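Here the structure comes first, spelled out in structure tokens, and everything after it is commentary.
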Amino acid sequence: MLVRLGYVAMNLNLENCSPSGTITVKTFSKLTSEEGKLHRLRKITRENLNNTLRILRYNKAYNIDVYRLTSKLVPLATHPITKEWDYIGDFMDEYIEIGQFIKDNNYRISAHPDHYTLINSPTDKVFEDSLRDLDYHVKLFEAMGLDDYRYKLVMHIGGVYKNKELSIERFYENFVKLPDRIRKRLILENDDKSYTAKDVLGICKRLKVPMVLDVHHHNCANEGENLEELISDIFDTWQDEYFVPKVHFSSPKSQKEFRSHADDIELEEFCEFLAIAKKLDRDFDVMIEAKNKDKALFNLSNKLKEFENIRWINEGHFEVL
DNA sequence: TCGTGTCAAGATCTT
DNA sequence: AAGATCTTGACACGA
């Protein structure tokens, strides 16, 4: 059973390498000339794209194949205030270079629109804004030349709006309404409050969409069902996919702040999950979601070296025997 | 330069 | 009905 590790957006080992630089609307609005505004947006975007490439090269050096792009690559991209700006056309060369690097190395790259993106909202405006945000993510992937069967966007189901059943129905309705080029990118993840792994599994089966299992979220929100009984079906949602199943993993910050992410990954917990997954013996990828980002990945990976039943291949790959 | 309040966005909980 | 909270990294501003 081969397992690959990945991390999210930021790299803490590289200095001055944020891929998420931005500007506030307030500051942006204070700029007087159109030229100055454009200059500022372009400067930030150029730095973000450059730093993304630096991170990807770093990943290459350390054999890390799995990585999530930040949603903040382009500052204020979906805000009406920048509507006139062609953030794709202005950086076509950079997008192509990043995309080519990803494809040349056969990396598994994803993105995760944030929790304001809610396609099951009963409010039209919220749905429209969400559509614009999804469109932004998809445009970036398209500009990078990343196809829709390998390069996915992970999304949650959304709000409950006092009636879960109706809200799931509205999710189905709005999901099929999405343009093909957006819908085909989407895969779904259980959240830590509203939609449990069991809920999302049902939705994924019906829509024939792969499910990302978030182990920590499952521990936060479940109705007594355990992973052993769900994981086989969850992994089966990846049957026809190019990549193996993907799992998100984080550890609770504390007993009191259980839902918050800890700095690092708790080894024991992680091994418990490996034992559950080992029963299926299917390869899968793990997205490490810890405050210490890449450092948390290395911390975990180094500890796994010590185990007899693990054949450590490199920082980003190991085999469970 | 550093510390801290604030920031595009929605939902949900609290009052 | 209005306001606080969630959650987050980074900005922005004032000391």
Side-chain angles (χ1 to χ4, degrees), chain A residues 7-31 36-37 40-41 43-45 47-52 55 68-85 87 111-137 153-164 166-168 170-171 174 189-195 199 214 216-217 220-221 248 250-254 256-263 287-296:
Chain A
Y7 67 97
V8 176
M10 272 195 300
N11 181 300
L12 301 186
N13 279 314
L14 290 169
E15 303 255 315
N16 296 319
C17 198
S18 169
S20 311
T22 187
I23 181 171
T24 61
V25 169
K26 199 174 163 189
T27 308
F28 183 77
S29 306
K30 273 192 238 165
L31 300 174
K37 287 181 173 177
R40 189 68 178 271
L41 291 173
K43 183 171 186 282
I44 297 167
T45 307
E47 285 170 1
N48 288 346
L49 293 175
N50 183 45
N51 286 341
T52 296
I55 291 170
R68 181 192 301 165
L69 293 171
T70 172
S71 291
K72 299 194 179 76
L73 269 185
V74 181
L76 306 181
T78 60
H79 196 280
I81 210 165
T82 67
K83 213 165 64 200
E84 306 300 315
W85 177 37
Y87 58 84
H112 194 354
D114 69 30
H115 62 283
Y116 297 108
T117 304
L118 298 152
I119 66 163
N120 78 335
S121 171
T123 313
D124 287 348
K125 166 114 181 21
V126 176
F127 176 77
E128 284 157 25
D129 289 350
S130 300
L131 192 55
R132 190 179 328 125
D133 188 60
L134 291 171
D135 181 63
Y136 152 73
H137 284 86
L153 303 179
V154 183
M155 211 179 51
H156 295 294
I157 305 303
V160 172
Y161 311 100
K162 294 183 180 140
N163 187 330
K164 202 174 199 176
L166 280 180
S167 297
I168 291 176
R170 203 167 41 250
F171 182 86
N174 289 344
E189 178 196 347
N190 56 309
D191 66 71
D192 58 356
K193 273 181 167 165
S194 309
Y195 293 96
D199 293 333
D214 189 307
H216 183 197
H217 289 170
C220 295
H248 290 177
S250 48
S251 295
K253 186 172 181 180
S254 65
K256 204 170 173 229
E257 294 170 282
F258 193 84
R259 294 198 341 266
S260 300
H261 291 177
D263 292 349
M287 184 64 83
I288 299 297
E289 295 181 329
K291 296 273 190 199
N292 282 342
K293 307 291 177 186
D294 54 317
K295 289 188 178 180

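The sequence lines fix the lettering, A, B, ..., with proteins before strands; numbering per chain opens at 1. No experiment lies behind these values; they were computed from the predicted model shown.
- Distances from the side chain of His115(A) to the nucleotides dC11(C), dA9(B), dG10(B) place dG10(B) closest.
- Below 30°, between 30° and 60°, or above 60°: for Phe258(A) and His216(A) the angle between ring planes is above 60°, a perpendicular geometry.
- At the phosphate of dC6(C), neither OP1 nor OP2 sits under 4.0 Å from any side-chain N or O atom of Arg259(A).
- Partner assigned to dA2(C) is dT14(B), using Watson-Crick or G-U wobble distances below 3.5 angstrom.
- A salt bridge between Arg132(A) and Asp129(A) is present, with a side-chain N of the basic residue lying under 4.0 Å from a carboxylate O of the acidic one.
- Nucleotide dT8(C) has no partner under the Watson-Crick or G-U criteria, as no pair reaches both atom distances under 3.5 Å.
- Using C1' as the reference atom, dA4(C) and dG5(B) are 16 Å apart when rounded to the nearest Å.
- Counting any heavy atom pair closer than 4.0 Å across all strands shown, Lys253(A) reaches no nucleic acid atom.
- Taking only side-chain nitrogens and oxygens, Thr24(A) comes nearer than 4.0 Å to OP1 or OP2 of dA12(C).
- Contacts of Gly21(A) with the nucleic acid, taken as non-hydrogen atoms under 4.0 Å apart, involve only primed sugar atoms and P, OP1 or OP2.
- Spacing of P atoms, dA8(B) relative to dC13(C), comes out at 11 Å, to the nearest Å.
- Among the atoms of the strands shown, none is found under 4.0 Å from any heavy atom of Ile81(A).
- Among the heavy atoms of the strands lying under 4.0 Å from Asp114(A) is at least one base atom, whether or not backbone atoms are also near.
- Residue Lys193(A) contributes atom NZ, which lies 13 Å from atom P of dT5(C) at whole-angstrom precision.
- Of the nucleotides present, none pairs with dA8(B) by Watson-Crick or G-U wobble criteria with both distances under 3.5 Å.
- At a threshold of 4.0 angstrom between heavy atoms, the contacts of Ser18(A) are confined to the sugar-phosphate backbone, with no base atom among them.
- The closest donor-acceptor contact from the side chain of His248(A) to the backbone of Met287(A) lies at 3.5 Å or more, if one exists at all.
- In this structure, Arg170(A) is positioned above the aromatic face of Tyr161(A), its NZ or CZ under 6.0 Å from the six-membered ring centre and within 45° of the axis.
- The interatomic distance linking Asn16(A) (CG) with dC11(C) (P) rounds to 11 Å, in whole Å.
- For the P atom pair drawn from dG9(C) and dT12(B), the interatomic distance equals 23 Å after rounding to whole Å.
- Among the atoms of the strands shown, only primed sugar atoms or phosphate atoms (P, OP1, OP2) are found under 4.0 Å from some heavy atom of Lys26(A).
- Side-chain contact between His115(A) and Asp191(A): absent, with no pair of heavy atoms (C-beta onward) separated by less than 4.5 Å.
- A straight line from CH2 of Trp85(A) to P of dA8(B) spans 16 Å, rounded to a whole angstrom.
- Distance CD (Glu257(A)) to P (dC6(C)): 9 Å, rounded to an integer number of Å.
- Remark: of the listed residues Leu69(A), Leu73(A), Val74(A), Leu73(A) is the sole one forming a side chain to side chain contact (heavy atoms under 4.5 Å, CB included) with Asn48(A).
- The nearest whole Å value for the distance from the NE2 atom in His156(A) to the P atom in dC6(C) is 18 Å.
- On a pure distance criterion of 3.5 Å, no polar donor-acceptor pair joins the side chain of Thr78(A) and the base of dA9(B).
- The side chain of Ser121(A) contributes an N or O atom lying less than 4.0 Å from OP1 or OP2 of dA11(B).
- Nucleotides dC6(C) and dG3(B) are separated by 24 Å at their P atoms, to the nearest Å.
- Each of Thr27(A) and Ser260(A) has a nearest nucleotide on DNA chain C; the 5'-most of these lies closest to Ser260(A).
- The distance between atom NE2 of His261(A) and atom P of dT8(C), rounded to the nearest whole Å, is 6 Å.
- Taking atom CZ of Arg170(A) as the reference point, atom P of dG10(B) lies 16 Å away to the nearest angstrom.
- Which of dT12(B), dT7(C), dA8(B) sits closest to the side chain of Tyr161(A) comes down to dT12(B).
- By the stacking rule of 5.5 Å between ring centres and under 30° between planes, Tyr116(A) stacks on the base of dA9(B).
- Contact between the side-chain N/O atoms of Lys30(A) and the OP1/OP2 oxygens of dC13(C) is found at a separation under 4.0 Å.
- Within the 4.5 Å cutoff, no side-chain heavy atoms of Tyr7(A) are placed close to those of Lys295(A).
- Computed from coordinates, the Asp191(A) CG to dT12(B) C1' distance equals 13 Å when rounded to whole Å.
- In this structure, Lys291(A) reaches the sugar-phosphate backbone alone: every heavy-atom distance under 4.0 Å involves primed, P, OP1 or OP2 atoms, never a base.
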